[in-house]
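Counting begins at 1 with the first residue of the sequence.
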Amino acid sequence: MVLLQLDPFLNELTSMFERTTEKGSVWVTLKRSSLKSKVQRNKMATAGEAIEYRCLIRATDGKKTISTSVGPKDHQRFQASYATILKAHMTALKKRERKDKKKPAEADKREGSSKRSKKT
């Protein structure tokens with residue numbers, strides 16, 4: 001796993017999406033992290049120091065894994081760039097075929113009410 005800066009991460013993420021346009025998937029995970037070990041966090045907590053949490057972002061296409069760490073100051077800029085990349089590469093998605101569930105539900109209601117009236 002390669003830890004990249006923000007801009008190279010976004011460029012590599014764009015190329016991952018382009019490579020998997022025809023076939024394949026890209027998985028992106030976001031996780032809160034302080035990038036410190038548990039022992040270091042405990043020492044900082046007992047000393048009363050504030051722990052700065054960051055967002056650890058990982059992306060993989062099954063063959064290559066990249067990651068970056070985003071601080072609170074860069075979060076807005078990263079989210080805007082990330083949203084732009086996602087919107088640009090959502091064109092390869094297939095529309096899901098939906099079944100009309102309203103008609104069978106209405107038929108069940110009618111049958112249920114007629115069965116109740118017969119019993120009484």
Side-chain angles (χ1 to χ4, degrees):
M1 183 167 44
V2 181
L3 188 64
L4 300 171
Q5 295 297 320
L6 290 179
D7 293 329
F9 176 82
L10 293 170
N11 292 337
E12 188 62 34
L13 185 64
T14 302
S15 66
M16 267 189 189
F17 277 120
E18 289 171 357
R19 282 195 304 263
T20 58
T21 301
E22 294 298 319
K23 187 176 180 182
S25 300
V26 176
W27 292 273
V28 180
T29 58
L30 293 95
K31 178 181 177 181
R32 185 179 87 154
S33 174
S34 65
L35 297 178
K36 298 192 183 310
S37 69
K38 194 171 186 177
V39 175
Q40 289 175 329
R41 283 195 310 264
N42 288 339
K43 285 181 183 177
M44 289 177 74
T46 56
E49 296 177 31
I51 300 171
E52 181 181 307
Y53 287 102
R54 302 175 66 79
C55 186
L56 179 64
I57 299 146
R58 296 180 183 134
T60 183
D61 60 356
K63 297 175 185 173
K64 186 174 183 181
T65 303
I66 57 172
S67 62
T68 190
S69 177
V70 180
K73 294 177 184 175
D74 299 325
H75 185 263
Q76 291 293 332
R77 185 177 67 87
F78 177 79
Q79 280 297 106
S81 301
Y82 178 62
T84 304
I85 291 170
L86 286 181
K87 288 175 188 174
H89 293 92
M90 291 278 182
T91 57
L93 294 177
K94 296 178 185 174
K95 281 209 167 188
R96 190 174 89 182
E97 292 182 22
R98 296 180 182 252
K99 295 180 181 177
D100 190 18
K101 292 186 178 182
K102 290 182 181 179
K103 292 179 183 176
E106 290 173 2
D108 290 342
K109 286 182 182 178
R110 284 188 221 132
E111 289 176 11
S113 62
S114 63
K115 288 179 183 177
R116 286 185 199 138
S117 61
K118 289 180 183 177
K119 289 182 181 178
T120 55

Full working for side chain to side chain contact (heavy atoms under 4.5 Å, CB included) between Ile57 and Phe78: CA-CA 11 Å; Ile57 299 146; Phe78 177 79; 3.3 Å; yes
Which pairs with one or both residues in residues 66-78 pass salt bridge (charged side-chain N to carboxylate O under 4.0 Å, His left out), sequence neighbours excluded?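 Every pair satisfying salt bridge (charged side-chain N to carboxylate O under 4.0 Å, His left out) with a residue in residues 66-78: Asp7-Arg77.
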Over all heavy atoms of both residues, which pair between [X] and [Y] is shortest? Give the atoms and the distance, please.
X     : Y     : result
His89 : Ile85 : ND1-O, 2.9 Å
Thr20 : Ser25 : CG2-O, 4.0 Å
Leu56 : Ser33 : CB-CB, 4.1 Å
Pro72 : Tyr53 : CD-O, 4.0 Å
Ser67 : Arg58 : CB-CG, 3.9 Å

Side chain to side chain donor-acceptor pair (under 3.5 Å) with Thr14: which residues, sequence neighbours excluded?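 Scan of Thr14 (side chain to side chain donor-acceptor pair (under 3.5 Å), adjacent residues dropped) gives none.
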In Å and rounded to the nearest 0.5 Å, what is the [atom1] to [atom2] distance from [X] to [Y]?
X     : Y     : atom1 : atom2 : value
Lys64 : Arg19 : NZ    : CZ    : 6.0 Å
Cys55 : Arg32 : SG    : CZ    : 10.5 Å
Leu10 : Gln5  : CG    : CD    : 11.5 Å

Grouping I, L, V, M, F, W and Y whenever their side-chain heavy atoms are under 4.5 Å apart, do Val26 and Leu86 come out in a common cluster?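 Cluster IDs for Val26 and Leu86 match.
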Verify same cluster id: Leu30, Met90 (apolar side-chain graph, 4.5 Å):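 As far as the 4.5 Å side-chain criterion goes, Met90 and Leu30 are connected within one cluster.
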Does the side chain to side chain contact (heavy atoms under 4.5 Å, CB included) test come out yes or no for Val28 and Leu13, once each step is laid out? CA-CA 9 Å; Val28 180; Leu13 185 64; 4.2 Å; yes
Between Glu97 and Lys99, does any NZ, NE, NH1 or NH2 come within less than 4.0 Å of an OD or OE carboxylate oxygen?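 A salt bridge is absent here (no side-chain N lies under 4.0 Å from a carboxylate O).
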Would you mind reporting whether Met16 and Ile66 have side-chain heavy atoms less than 4.5 Å apart?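 Yes, at least one pair of side-chain atoms sits under 4.5 Å.
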